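In what follows, a single structure is set out as structure tokens and then discussed.
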There are 2 protein chains.
Amino acid sequence: MSATLHRLPGHTPSLDPMIGLVARDMDHVNAVIVERMRSDIPLIPELAGHLIAGGGKRMRPMLTLAGAQLVGYAGDRHHLLAAAVEFIHTATLLHDDVVDGSDLRRGKRTANIIWGNPASVLVGDFLFSRSFELMVAGGHMRALEILSNASAVIAEGEVNQLTAARRVDLPEERYLDIIHAKTAALFAAACRIAGIVAERPDAEEVALDAYGRNLGIAFQLVDDAIDYTSDAGTMGKDAGDDFREGKMTLPVILAYARGGAEDRTFWRDAVEGRRTADADFAHAVDLVRRTRAVDDTLARARHYGQRAVEALAIFPDSAIKDAMIEAVDFAVARAY
Amino acid sequence: MSATLHRLPGHTPSLDPMIGLVARDMDHVNAVIVERMRSDIPLIPELAGHLIAGGGKRMRPMLTLAGAQLVGYAGDRHHLLAAAVEFIHTATLLHDDVVDGSDLRRGKRTANIIWGNPASVLVGDFLFSRSFELMVAGGHMRALEILSNASAVIAEGEVNQLTAARRVDLPEERYLDIIHAKTAALFAAACRIAGIVAERPDAEEVALDAYGRNLGIAFQLVDDAIDYTSDAGTMGKDAGDDFREGKMTLPVILAYARGGAEDRTFWRDAVEGRRTADADFAHAVDLVRRTRAVDDTLARARHYGQRAVEALAIFPDSAIKDAMIEAVDFAVARAY
């Protein structure tokens, strides 16, 4: 496959090639995850298992494994680090759902709905702590530095997002700062640590970081677009969730900027929580379509996807490189 | 001062000697704390500062500094680790107050009441992440191991406590497991890392750990007793908070075990949330007094305090050793 986002006619891009190539490593990672989820307190594996076993793609640890394969790493220290990455991600999801009051994730009821907010907060803390234990067990100080920094950046991004909520005039730049922090930082770190454990030259570490970071932004942009195009049945996410929570995402920012006075009043009312009916959401979908706000969100996603693909140029061609390129195609094609 | 908990007549035990001896080191720790609380997101230093600047004793970082002085450490790497310890503690407090729905801490309104639960959860996560960055900057893999393990133990203890809430027949042993995890583990780690950075023999590390652990248990037992003896005006904690939340603490466990059928019904109603009036709390205070449940909770605190003091026996006499012994006296004397 060439390094392009233009897919072959009739070929639907898929994560399957990547999943297949890292399958044996992922078995090890899954074993680590199961072992480290264990606790004498039954609620911990029960609640954590609900989310961890609940059909996630394990995208982030998969990227660590793919990156390691890309640079020809033959050891096994990245298994612990990949599990650590998944634990950071899971802890973040648990806390996100509490913060957002979400009731559905990946088509299942959220942990906070089933076990309550206190349990979700505390089990999130447990997973977060366990992730650091795993990093320490991984034994690589620079990997620890990268991952602990990513964790702080994520948390900072979450707070940034919280304070940006319900602000209809959020600048696009600040929105990009937020998704850089809350999504792209962990994608970048997940890829970068593969280069670190393999002790590859700095240029390869940086390239892996760039691949992950741009893929992460593309992923988040498409997620934000999907909120205005999909329905709960197909995506395991309620369409309109972001809208009803007054969350500022790029489709809203663009539609607001491009709208007339009446449209702007509608958006202001919506993000300030006065427009949460189904009819309001239908009107919002209509507005983001008419202003091409969703199309342009997806165009920006393709831009970052292209940059992710280009970051891989320094690596020799290989099956895993093709699969990593196809993963980008998959990420940006999800909304069509 | 001799290694005993029998105070000199007319001498009120105090933390002041310890505070004085570590004051210069604490200035460095405070500078680290202020610097690492910084963020471009104003809510983060604002919310974190409310708690961190809010009159806490900095007991845990103080123990790291005292321990380092006890073993003659002359470097400065423990400043970063002591700040990390305080950040772990602060993150835990923020999440605890969300979980418990508390509205008052150290005599001030809690962060969750002022800024809301979402902000408290996320800023807690930020401080937690920052604590790991500080540990990594501290550069000592074994200290990282001890502190990351302590974090996981704390979180596990918090979940254990959550599932134990409102269970009137909680065994004393499980209660001790909980306070071992949620309080004593960080006290122990805070002390132990002093021995680690100073590269002292294993026996001294273990002794520091035992000092911190036993002091932590004594501290928590006295805290739990205070809930049935103090009032908000004097302690910065609402007397009866634990009672009204149905929290199982040792005074309740002992009073329930020693009570007749009528008393047991009262306690069951109370911990299951059907007795939250002031008169109910007054009755509870009467019951814990009549069954000597508070007295015996404090007696157990003295037992652990004695063990903390004895753990210091392997260290030569010094001003800081005397101060660390007096800190134990202070901890167990608070409730009188």
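Since the structure is predicted, the reported quantities are computational estimates derived from the model, not experimental observations. Naming: A, B, ... by sequence-line order, numbering from 1 per chain.
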(message) Among B:I41, B:V123, B:V121, B:L122, which residue satisfies the side-chain contact (heavy atoms from CB on, under 4.5 Å) criterion with A:E158?
(response) B:L122

(message) Less than 4.5 Å apart, side chain to side chain, heavy atoms only: is that true for A:M141 and B:H140?
(response) no

(request) Any ring pair (Phe, Tyr, Trp, His ring centres under 6.0 Å) involving residues 142-191 of chain A? Give me the pairs, sequence neighbours left out, ordered by first then second residue. (result) A:F187-A:F219

(request) Please state whether the rings of B:F128 and A:F128 are parallel, tilted or perpendicular, taking 30° and 60° as the class boundaries. (result) tilted

(request) Write down the atom of B:A155, the atom of A:D125, and the distance for their closest heavy-atom approach. (result) CB-C, 3.8 Å

(request) Verify the distance criterion only: is there a donor paired with an acceptor across the side chains of A:S39 and B:E156 at less than 3.5 Å? (result) yes

(request) Starting at CD of B:E145, measure out to CE of A:M135 and round the result to the nearest 0.5 Å. (result) 14.5 Å

(message) Under 4.5 Å from any heavy atom of chain B, what part of A:N149 do you find: side chain, backbone, both or neither?
(response) both

(request) Give, as side chain, backbone, both or neither, the part of A:L144 having an atom under 4.5 angstrom from any heavy atom of chain B. (result) both

(request) Give, as side chain, backbone, both or neither, the part of B:D100 having an atom under 4.5 angstrom from any heavy atom of chain A. (result) neither

(request) Output the option from A:D177, A:I44, A:T163 having the highest count of non-hydrogen pairs under 4.5 Å with chain B. (result) A:I44

(request) Give, for atom OG of A:S151 and atom CD of B:E133, the distance between the pair rounded to the nearest 0.5 Å. (result) 8.0 Å

